[in-house]
Protein chains: 2
Amino acid sequence: MHTAKKLAPRWERRKEARPHEFIAAALDLFVERGFAATRLEDVAARAGVSKGTLYLYFDNKEALFKAVVQEGILPVIEEGETLLQQYQGPAAELLRIVVYRWWETVGVSQLAGVIKLMLSEAQNFPDVAQFHYDQVVLRGRRIFAFVVELGIRQGEFRALPVDHCVRLLLAPLLMLAIWRYSLGVCESEPIDADSYLRTYLDMALRGLAHGGAAGGPADQGSTT
Amino acid sequence: MHTAKKLAPRWERRKEARPHEFIAAALDLFVERGFAATRLEDVAARAGVSKGTLYLYFDNKEALFKAVVQEGILPVIEEGETLLQQYQGPAAELLRIVVYRWWETVGVSQLAGVIKLMLSEAQNFPDVAQFHYDQVVLRGRRIFAFVVELGIRQGEFRALPVDHCVRLLLAPLLMLAIWRYSLGVCESEPIDADSYLRTYLDMALRGLAHGGAAGGPADQGSTT
DNA sequence: CATATTACTGAACCGCTGGTTATTAAGAAA
DNA sequence: TTTCTTAATAACCAGCGGTTCAGTAATATG
């Protein structure tokens, strides 16, 4: 046992690379057809390999699904978290940065499809859902909560309930991502994400900022 | 009331009621387990009837799905449309009315689950998706567009791109509805919808209204 | 060369479920 | 009663797809 490395295999035998290849293939197909409608045989075929081989690397279909979700999204969250640490400046600007960065990495890519997939299949895979909730949803919210709290602390934003603001800020972004892989297929021309995000930031920042009261006889209610 | 029609059948033979019973049962199960994971046999069982009977009323599984979507949501849209016609007053108030009415009829009920279902399965059922898009999405958007345009016309709201505003207004509502049937299952305590909607309206109306500019060096871009 | 190990194959297995159909039985009609 | 219609059933079928496993070819070892 000296071999420290294998010679380049003349034919295909690549134990190391296989998992990623399967994950990439599964990502494509899951996003395209949904989890239930995706045949493992097709996944294997797209990975250039036979169906049985898949079971050398993953216990079953669910494990593959889990791997797709993990490997796809976790890096994005981590990147977002490091983004915050080194930032100084107005919260409004940070929000812009986070939003656009999110769109560049998630919205445009297939990761948007993974989000839709996770939302769709959450009920069928409680443990995958729990993992995703802990590692993606909560941490993702924390990123936005950080921005909102920063804004409040620096006097840019009103003192609104932070967790509600976070959800309100996230919803249009998530819907934008999901839509493409859902009823968006019925739309002839896809939405112009850039101008959508501009309007989003415009409205969101106005909604958060101090300034003239909104119309009518109801702002913060009194019930509860 | 005695004769004039069938005597109460001593046993179960109710041609009229069956479709609705099937739809109700299917609604429950589709929402609970998703379309693919729902067995027709279970649907029939919940309707208190045998599987074969289902095929006396629906051609196939997809037709049942279509019926669920149609029967569930269309009435809500129609109600919303009539709501607009008889309204006079500030647009901000109309938005509140529409939003709360929507939440009362859709958000709380299982119809929220249908929305999630449709979003999840859109890709797998192009024709159902197309129908839903035409009859629900477009008409639903039109309702919100009406409100926004009214506000602009009456000088309450800024002249923002209407279709973007509509999407931005809808997204938090849809996410609220979907969440419960998705990753919301991971949350111990469900969100307080009432206070969420209050914050939503607060931020949305401020975002729409005239008033102090939002922070930073970017409001309306120049394109469009 | 002989032997052992490893990555991979692919055909077969088998449970499941959408869909079908021959049969039954409840009323209505005569 | 007998006959006819029809709601409902239960047994059945076919195909699909996740999973398995005995086998194979390439490589490593001696």
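Every chain is numbered from 1, with letters handed out A, B, ... down the list of sequences.
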query = Contacts to DNA chain D from residues 55-63 of chain A, heavy-atom cutoff under 4.0 Å, which residues?
reply = A/Y55, A/N60, A/K61
ask   = Do NZ/NE/NH1/NH2 and the carboxylate oxygens of B/R141 and B/D163 come within less than 4.0 Å?
value = no
note = Residue pairs meeting salt bridge (Lys or Arg N to Asp or Glu O under 4.0 Å), one or both in residues 53-80 of chain B, sequence neighbours left out, come to B/E79-B/R101
message = Could you work out, with side-chain hydrogen bond (donor to acceptor under 3.5 Å, both in side chains) as the rule, every residue matching A/E81, not counting sequence neighbours?
response = A/R139
task = Could you tell me whether the side chain of B/L40 reaches within less than 4.5 Å of the side chain of B/F22, counting heavy atoms only?
result = no
query = What is the distance from CD of B/E41 to P of C/dG18, rounded to the nearest Å?
reply = 9 Å
message = Among residues at least two apart in sequence or on other chains, which ones pass side-chain hydrogen bond (donor to acceptor under 3.5 Å, both in side chains) with A/Y133?
response = B/E187
inquiry  = Quick check: closest heavy atoms across B/Y181 and B/S109, and the distance to 0.1 Å?
reply    = OH-O, 3.7 Å
task = Look at the aromatic rings of A/F65 and A/F125 and report parallel, tilted or perpendicular, splitting at 30° and 60°.
result = tilted
Whole-Å gap separating P (D/dG18) and CG (A/N124) = 14 Å
query = Are the side chain of A/D42 and the backbone N or O of A/L29 linked by a donor-acceptor pair below 3.5 Å?
reply = no
inquiry  = Quick check against the 3.5 Å criterion: does A/S182 have a side-chain atom that pairs as donor or acceptor with the backbone of A/I178?
reply    = no
Using nucleotides 10-13 of chain C, report all nitrogen or oxygen pairs with the protein that are shorter than 3.5 Å.
residue, atom, partner, partner atom, Å
C/dG10, N7, A/S50, OG, 2.9

key: Contact residues, residues 28-40 of chain A to DNA chain D [heavy atom, < 4.0 Å]   = A/T38, A/R39, A/L40
message = Do A/Y196 and B/R167 make a side-chain contact, defined as non-hydrogen atoms from C-beta onward lying under 4.5 Å apart?
response = yes
